[in-house]
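Quick note on labels: first sequence line is chain A, next is B, and so on, each numbered from 1.
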There are 2 protein chains.
Amino acid sequence: MTNKPVKKGAPAPSLDAVLNTIQSGDCIEVMNSLPENSVDLIFADPPYNLQLKGELHRPDNSKVDAVDDHWDQFDSFAVYDRFTRDWLSAARRILKPNGAIWVIGSYHNVFRMGAELQNQGFWILNDVVWRKSNPMPNFRGKRLTNAHETLIWASKSESAKPTFNYEALKALNEGVQMRSDWVLPICTGHERLKDENGDKAHPTQKPESLLHRVLIGTTNPGDVVLDPFFGTGTTGAVAKMLGRNFIGIEREETYRKVATKRIKNVRKLDNEALEVSQSKRAQPRVPFGQLVERGMLRPGEELYSLNGRHTAKVRADGTLVGSKDNKGSIHQVGAAFEGAPSCNGWTYWAYKSEGKKVPIDNLRQQIRAEM
Amino acid sequence: MTNKPVKKGAPAPSLDAVLNTIQSGDCIEVMNSLPENSVDLIFADPPYNLQLKGELHRPDNSKVDAVDDHWDQFDSFAVYDRFTRDWLSAARRILKPNGAIWVIGSYHNVFRMGAELQNQGFWILNDVVWRKSNPMPNFRGKRLTNAHETLIWASKSESAKPTFNYEALKALNEGVQMRSDWVLPICTGHERLKDENGDKAHPTQKPESLLHRVLIGTTNPGDVVLDPFFGTGTTGAVAKMLGRNFIGIEREETYRKVATKRIKNVRKLDNEALEVSQSKRAQPRVPFGQLVERGMLRPGEELYSLNGRHTAKVRADGTLVGSKDNKGSIHQVGAAFEGAPSCNGWTYWAYKSEGKKVPIDNLRQQIRAEM
DNA sequence: GTGTGTTTTGAATCCAGTT
DNA sequence: AAACTGGATTCAAAACACA
């Protein structure tokens, strides 16, 4: 097929010709060549427009492999906004009236995408937070760990009736309603595709678990899912596995090659195999600081060791000052008092309530019960 | 005070007059009456119900005057964008060059706020997800549970140096770096303010735990924190408790009343509880040469890298000569040995005392203890 | 194979003070 | 103003190495 925009009046090519293929070329041109109102879902992971300055090293002096690819370079917000407007309106044209779109991004670009979605008349259904269980830390200690990315799920219009498999998502979530925050690990290990040198084939490969949840929740088997920034084809691989049809668009030949091979090796699951690997539910960690933030303990309040020998005062940042001016976490101060190498502060300290000592662990239990 | 915009050339009123008060009136007018570059932090939770009535003007500057005033979706976004632009630029003017701003919103408005922040030259530092531990479920089962809201933390410019209490936040999070996703319960129970009928006093009262984390992390005691959409004064209550100064602006008298009473009952914590964990960066610098001058290390003495691979000799001027005849500071020689771009010599080198390797950092600690 | 310790790595707008 | 330099800074998971 050609990548030329459709001429006015020319019959749009049938969708069947491009079903379950990867089209080469610019995604706007390719989308413009497809028939309007023909696609059930669009999943788009466009360049984020990161603006990285110098190099970044980890504390052990190793260099961080940055996303410095040419396709992520834009001269200004104006240029990026035009790009966003153009590909979104091309996507909008080919979407069925009851179709939906997902976009994913970070704070660098997601606000601009969200605003443009709204400007074009898309109707936002949810924003979804992908909370990474193993994000890259902030090595210089100058910011918060950038531990999430944002997805936006939107229908073509306010009155549309997009597919939403409520019960399937509820089942995925151990029987309770699926929330707008999804805890999933980043793509590593065997799932992460490598090139012939053993380097990562694509700098920003998304985990299949993310696409799995998107496709299970917002498409049906047989639906057509289009990904205009196909990369190494995670969308296509998961779509094939789940019995959905995909259309990929990708400019870079190297990515297309990797994706083609990858998808060829995917086998469609039998229906019974659609059971999902659930993220293990470990006992969630509760930082002591949360008791302070939540007002369960007040800064300045006295804590008492359960053995009755020591006291310490709570500070606003969740650390303690012991009566010997020893500062640190509940564990550190406890250990210092006991001259022990370590100490479980949760079982060491108590607060006073109506004159009685109550272990602070009770407060932790309370928080866990809410989670 | 009056709410008129400041006339050109008129002296801006001193900030002291409004410190720890709640100003009535339109937040844009009040902010315009304050001196520029005077506020350390702005926390803003703007309305986004698109029924802003008197607060809003159409793009052609005609006033939107009634609840049932009909405007189409495009109009309403344009109106909201203008409102956002106006209050953000008023906020920008009064912010100190190294000040910062937090805004909070949901998918209805946060993308527009984020884009406008960037357009005005604010520099996004993080977006933060407030993950609600007890959100309202989606009753109709047509969407995901809307279980989070988004905050954006931004400095006034790319080159600004905003306050960030890295160690304090790390302490709040049980010793690991604070992430961009914050799990906190919504505001309920005793904390939720009620009116005389027992109904909630404000529809979107934010939890104090959220403000606690914001203020501990990005302000210092004595800073000035302004909240242009004060509501029932959560920002003021937490600011007072944590020894920060606040300026509230609120147009609704009922909210001002509730907030005034609420804040009056708050007691400032004593200074000891307000002290938070300090970064090493805050500690005084000790030149390595001082160890030599003070005779803690002798010129000619051998140093050993803690990894056991390299040695170097101390020279009288506090530089080293490595075994490869590489000369320079403790950092430079360490970096040369490791072929690394940089090296912290304090943690790289050790001297021998009674046959045992002792990190030279111990000697620095000793000096700092005397200071 | 099994268990244990070490190394590697991930969409990152990641320094501050002095000369 | 630009260049230099001291020195502060990381978490989880998987791969890998080795006993």
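- Using a 4.0 Å heavy-atom criterion, one finds that B:E167 contacts the sugar-phosphate atoms exclusively.
- The aromatic ring of A:F139 does not stack onto the base of C:dC14, failing the criterion of a centre distance under 5.5 Å from the six-membered base ring together with planes under 30° apart.
- Comment: A:K63 engages A:E55 in a salt bridge, judged by a side-chain N to carboxylate O separation of less than 4.0 angstrom.
- The side chain of B:K280 approaches D:dA8 more closely than any other nucleotide in the set D:dA8, C:dG10, D:dC11.
- You'll find that the side chain of A:D72 is closest to C:dA11, out of C:dT13, C:dG10, C:dA11.
- No N or O donor and acceptor, one from the side chain of A:T188 and one from the base of D:dA15, sit under 3.5 Å apart.
- In terms of position on DNA chain C, the residue among A:H108 and A:K200 whose nearest nucleotide sits closer to the 5' end is A:K200.
- When the side-chain nitrogen and oxygen atoms of A:N138 are compared with OP1 and OP2 of C:dC14, none of them lie within a distance under 4.0 Å.
- Looking at A:R192 and A:T188, their side chains never bring a donor and an acceptor atom within 3.5 Å of each other.
- No hydrogens or angles were tested; on distance alone, a donor-acceptor pair under 3.5 Å links the side chain of A:R58 to the base of C:dG10.
- Nucleic acid contact for B:I124: base, since at least one base atom lies under 4.0 Å from a heavy atom of the residue.
- Among the protein residues, B:R364 comes within range of the sugar-phosphate backbone only, with heavy atoms under 4.0 Å from sugar or phosphate atoms but none that close to a base.
- In this structure, of D:dT9, C:dC14, D:dT10, it is C:dC14 that holds the atom nearest to the side chain of A:R143.
- Side-chain proximity of A:P59 to the nucleotides C:dA12, D:dT9, C:dC14 is greatest for D:dT9.
- A:D45 and A:K206 are joined by a salt bridge, as a carboxylate oxygen and a charged side-chain nitrogen come within less than 4.0 angstrom of each other.
- Looking at A:K206, its side chain comes within 3.5 Å of the base of C:dA11 through a donor and an acceptor atom.
- For A:Q51, the side-chain atoms get nearest to C:dT13 when compared with the rest of C:dT13, C:dT9, D:dA8.
- Although no hydrogens or angles enter the test, the distance criterion places no donor-acceptor pair under 3.5 Å between the side chain of B:E338 and the main chain of B:C343.
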